[in-house]
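Side chains are part of it too, since the values below use all heavy atoms of this structure and drop only hydrogens, waters and symmetry mates. So you know, we letter chains A, B, ... as the sequences are listed, proteins then strands, and number each from 1.
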Number of protein chains: 2
Amino acid sequence: MADAEPTSIWMRPERQERSGPGRRPGYSREQITRTAVQIADAEGVEAATMRRIAGELGTGAMSLYRYVPRRDDLFDLMIDLAMAEVELPGGPSGDWRDDLTLLARQLRATGLRHPWLIALLTSRPTLGPHLLRVHEFALGAFDGLGLHIDDITGLVAMLNDYLHSAVRREISWLEEARRTGLDSERWKRDYMGPYVRQVVESGTFPLFSRSVLDSRTAHLTPEERFRQGLDRILDAIAALIPSLRPR
Amino acid sequence: MADAEPTSIWMRPERQERSGPGRRPGYSREQITRTAVQIADAEGVEAATMRRIAGELGTGAMSLYRYVPRRDDLFDLMIDLAMAEVELPGGPSGDWRDDLTLLARQLRATGLRHPWLIALLTSRPTLGPHLLRVHEFALGAFDGLGLHIDDITGLVAMLNDYLHSAVRREISWLEEARRTGLDSERWKRDYMGPYVRQVVESGTFPLFSRSVLDSRTAHLTPEERFRQGLDRILDAIAALIPSLRPR
DNA sequence: CTTATTTGCGTACATGGTACCTGAATAGCT
DNA sequence: AGCTATTCAGGTACCATGTACGCAAATAAG
């Protein structure tokens with residue numbers, strides 16, 4: 001019986017408790033995933049190789065394939081394990097702005113704890129249970145306002161797009177510095193800095209230059225910047241809602 | 001003289017015309033990049049390996065390193081070569097909504113022609129000249145409205161976030177199908193479909209289920225869906241502008 | 001012609017995913 | 001208890017990848 005039919009990891013649950021013959025499993029999908037997450041947190045996703053994960057668990061690389069069909073599926077599992085850390089109340093509070101602010105803060109914190117999360121999340125179409133839970137909460141915030149479900153989905157997408165790009169922006173150069181093996185400060189100063197300076201001095205892109213030179217947000221903490229952008233999106237959503245409501 | 005100092009590809013221009021001794025270069029950075037783009041278009045970025053590109057050019061893999069320091073830099077070059085296809089007028093027209101609609105259409109068309117573009121673009125912090133040109137045009141659309149440059153940057157970011165995620169959504173399952181080697185229709189039907197159906201039938205996520213079942217946009221063409229989402233973002237921006245203008 | 005310099009590129013190495021296979025462990029059956 | 005079917009553990013091996021290194025070929029100045 002060859003079950004080589006390729007299907008979503010979420011349709012291939014871990015081998016259940018069973019009372020037949022055969023050796024007992026010594027590891028678990030969650031244990032493997034947790035190990036992969038730890039390595040990725042500390043050294044980047046590219047360090048979370050099958051051999052490295054197995055080594056951390058004290059076993060051989062091929063043993064992992066008893067629990068995970070392919071490495072890509074392990075990515076999906078990692079994403080969902082991280083999303084499990086997003087703590088949300090059971091249901092919406094009635095104030096959508098409060099709910100989404102809470103969601104935003106939680107997602108940002110989780111994304112910063114796992115710098116690989118957003119990159120993976122936006123690079124593969126996955127729908128794990130915890131991602132669905134978070135998504136459902138976001139949709140729920142707009143429930144009861146008389147909006148069509150398509151419009152709700154659109155508003156949630158707007159928020160999500162901001163969250164993903166804002167968190168990514170916050171960590172991208174940190175990650176890039178790590179990937180190239182440079183010190184974070186050195187990367188900004190020696191790698192990107194000179195080029196930006198050259199562009200600015202060339203005068204070819206005056207508005208871009210102004211955005212670099214005249215920025216009033218440069219002295220803000222990353223969290224304050226995040227908060228400002230979030231408020232902007234929430235303002236935009238608030239402005240949109242009346243026009244979406246059928247008269 | 002070891003020029004191993006790692007710096008942005010944009011600070012390391014191609015070896016110039018020179019009249020000294022030494023063998024003449026037989027290839028060029030642009031030629032290599034163009035070849036890489038062609039392969040990536042047809043078979044995905046992961047097929048555009050150094051050996052494959054070199055093979056296409058009828059040379060050895062190591063020859064490419066005379067023109068491109070690292071593979072990652074080649075990605076930056078590919079991004080910028082693709083962005084060069086975004087056709088824009090020399091300056092803003094005075095109607096920001098028209099300008100951004102044009103920009104959106106151009107970026108979508110380019111993103112669909114090069115299904116790897118958006119994924120690369122959002123996965124690495126790069127600032128090639130053509131990307132800067134497009135960005136400058138977007139900023140320019142809001143020039144003269146009395147907005148602070150930070151606010152302009154914020155509005156452009158909103159639009160960009162939408163464009164990236166919308167184009168990505170439009171091609172993500174196509175790409176995923178190709179990556180797993182499945183037929184596009186089969187992928188939807190056999191790979192993702194059963195799981196979504198199971199989630200919907202479980203009743204655990206009622207709003208997500210409604211977004212799947214009650215969607216009124218299902219029968220629309222991708223372009224119409226894109227246009228609807230774009231209008232939503234532009235409406236949001238329009239609603240935001242007055243509140244950003246200093247009184 | 002010699003020499004300095006630059007490109008072309010074969011070879012080689014380290015690292016990656018993972019197919020395959022053998023051996024060990026386990027529970028039910030006789 | 002012993003046999004057998006079944007499952008897990010994991011070593012070995014294969015192939016693909018980026019790229020460091022070194023040498024040969026080409027080229028212009030002296």
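Judged as a ring pair (Phe, Tyr, Trp, His ring centres under 6.0 Å), and not counting sequence neighbours, the contacts of Tyr191(B) are Trp187(B). In this view, Phe226(B) and Tyr162(B) satisfy the ring pair (Phe, Tyr, Trp, His ring centres under 6.0 Å) rule, not counting sequence neighbours. In terms of the side chain to side chain contact (heavy atoms under 4.5 Å, CB included) criterion, residue partners of Thr217(B) (sequence neighbours excluded) are, by chain and number, Asp150(A), Ser215(B), Leu220(B), Arg225(B), Gln228(B). With sequence neighbours excluded, no residue forms a side chain to side chain contact (heavy atoms under 4.5 Å, CB included) with Pro21(B). Applying the side chain to side chain contact (heavy atoms under 4.5 Å, CB included) rule to Glu175(A) yields the partners Pro115(A), Arg178(A); only residues at least two apart in sequence or on another chain are considered. Under the rule for a side chain to side chain contact (heavy atoms under 4.5 Å, CB included), the partners of Ala47(B) that lie at least two apart in sequence or sit in another chain are Ile39(B), Glu43(B).
Between the CG atom of Leu74(B) and the P atom of dG18(D) there is a distance of 10 Å, rounded to whole Å. Counting to the nearest Å, the P atom of dT19(D) and the CD1 atom of Ile32(B) are 14 Å from each other. Arg52(A) places its CZ atom 17 Å from the C1' atom of dG17(C), with the value rounded to the nearest Å. When rounded to the nearest whole Å, the span between CD1 of Ile53(B) and C1' of dT19(D) equals 14 Å. The separation between Arg71(B) atom CZ and dG18(D) atom C1' is 8 Å, rounded to whole Å. The distance from atom CD1 of Ile39(A) to atom P of dG16(C) is 11 Å, rounded to the nearest whole Å. For Tyr67(A) and dT18(C), the OH to P distance is 18 Å, given to the nearest whole Å. Separating the CZ atom of Phe75(B) from the C1' atom of dT17(D) is a distance of 12 Å, rounded to the nearest angstrom.
Comparing Tyr27(A) and Arg24(B) by the nucleotide of DNA chain D that holds the closest heavy atom to each, the one mapping nearer the 5' end is Tyr27(A). When each of Arg66(A) and Ala48(A) is assigned the nucleotide of DNA chain C with its nearest heavy atom, Ala48(A) is the one assigned upstream, toward the 5' end.
Picking from dT27(D), dT18(C), dC8(D) the nucleotide with the shortest atom distance to the side chain of Pro25(A) gives dC8(D). Here dT19(D) is the nucleotide among dT6(C), dT18(C), dT19(D) with the atom lying nearest to any side-chain atom of Tyr65(B).
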Could you pull out the protein-nucleic contacts involving nucleotides 28-30 of chain C (nitrogen or oxygen on both sides, under 3.5 Å)?
from    : atom 1 : to       : atom 2 : distance (Å)
dG28(C) : OP1    : Ser19(A) : O      : 3.2

Identify all pairs in which a protein N or O lies below 3.5 Å from an N or O of nucleotides 10-15 of chain C, and state each distance.
none

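Rounding to the nearest 0.5 Å gives a distance of 5.0 Å between CD1 of Ile118(A) and NE2 of His164(A). Here the CG-CZ distance, from Asp41(B) to Arg113(B), works out to 9.5 Å after rounding to the nearest 0.5 Å.
Residue pairs meeting the ring-ring contact (aromatic ring centres under 6.0 Å, His included) criterion with at least one member in residues 41-86 of chain A, sequence neighbours excluded, do not occur.
Under 4.0 angstrom from either OP1 or OP2 of dA25(D) there lies no side-chain N or O belonging to Arg23(B).
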